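Please read the structure below before turning to the comments.
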Amino acid sequence: MWGAIHSAEIGDGTLETRDIPHTLQMLELFMKDDHFLIDMCNNIITNKSIGIYDGAYKVIELAMKQKRGEQ
């Protein structure tokens, strides 16, 4: 649930749907209006460019610096 909330907050996903009627409603929105999907794709590109998805890379970078005794 929290992953879906965060994804909706940063614009690269939707809120979690908990039942079939809401899932169908979300699918219908995507099928009737492509602006939702286009916006999400644009947000993915923007989020990648500002480093939102780079957390795992940063953790490894910090771990390797620590292993080498760097600050």
Side-chain angles (χ1 to χ4, degrees):
M1 176 176 104
W2 296 113
I5 290 170
H6 179 67
S7 184
E9 289 173 342
I10 63 173
D12 67 358
T14 66
L15 292 172
E16 183 174 307
T17 56
R18 293 179 177 238
D19 55 40
I20 292 172
H22 286 108
T23 302
L24 294 174
Q25 181 182 33
M26 185 65 68
L27 288 171
E28 188 175 336
L29 284 171
F30 277 102
M31 291 181 349
K32 285 186 175 182
D33 187 351
D34 61 356
H35 287 93
F36 294 108
L37 187 57
I38 291 168
D39 286 344
M40 289 169 71
C41 290
N42 288 332
N43 287 332
I44 290 169
I45 293 166
T46 300
N47 292 343
K48 174 60 179 158
S49 74
I50 61 176
I52 286 181
Y53 306 125
D54 294 344
Y57 296 111
K58 298 295 182 187
V59 168
I60 297 300
E61 182 182 333
L62 289 171
M64 294 306 294
K65 283 182 179 181
Q66 190 172 33
K67 181 178 178 182
R68 292 188 298 260
E70 300 174 19
Q71 291 292 340

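Every value quoted in this text rests on a predicted model; they were computed, and no experiment measured them.
In this structure, CD1 in Ile50 is found 12.5 Å from CD1 in Ile45, a value given to the nearest 0.5 Å. Rounding to the nearest 0.5 Å places CD1 of Ile44 at 8.0 Å from OG of Ser7. A distance of 7.5 Å separates CG of Asp12 from NE2 of His6, quoted to the nearest 0.5 Å. With values rounded to the nearest 0.5 angstrom, Leu24 atom CG is found 9.0 Å from Asp19 atom CG. Going from atom CD of Gln25 over to atom OG1 of Thr17 covers 10.0 Å, rounded to the nearest 0.5 Å. Asp54 CG to Asn47 CG: the interatomic distance, rounded to the nearest 0.5 Å, is 11.0 Å.
No more than 12 heavy-atom neighbours from other residues, nucleotides or ligands sit within 6.0 angstrom of CZ on Arg18.
Formation of a donor-acceptor pair under 3.5 Å by the Glu16 side chain with backbone atoms of Ala4 is not found in this model. Checked by atom type and distance alone, the side chain of Asp33 never pairs as donor or acceptor with a backbone atom of Leu29 at under 3.5 Å.
Cluster annotation: Ile10 is not connected to Ile5 through the hydrophobic network of ILVMFWY side chains, with a link wherever side-chain heavy atoms come within less than 4.5 Å. Phe36 and Met26 fall within a single hydrophobic cluster, where Ile, Leu, Val, Met, Phe, Trp and Tyr are joined by side-chain heavy atoms under 4.5 Å apart, directly or via other members.
Applying the side chain to side chain contact (heavy atoms under 4.5 Å, CB included) criterion to Leu62, with sequence neighbours excluded, gives no partner residue. Looking at residues two or more places apart in sequence or on another chain, you find no side chain to side chain contact (heavy atoms under 4.5 Å, CB included) involving Gln66.
Listed here is the closest heavy atom pair of Gly11 and Asn43: O-ND2, 2.8 Å. For Phe30 against Leu37, the heavy-atom pair with the smallest separation is CE2-N, 3.8 Å.
With a 4.5 Å cut-off on side-chain heavy atoms, Leu15 and His22 do not count as touching.
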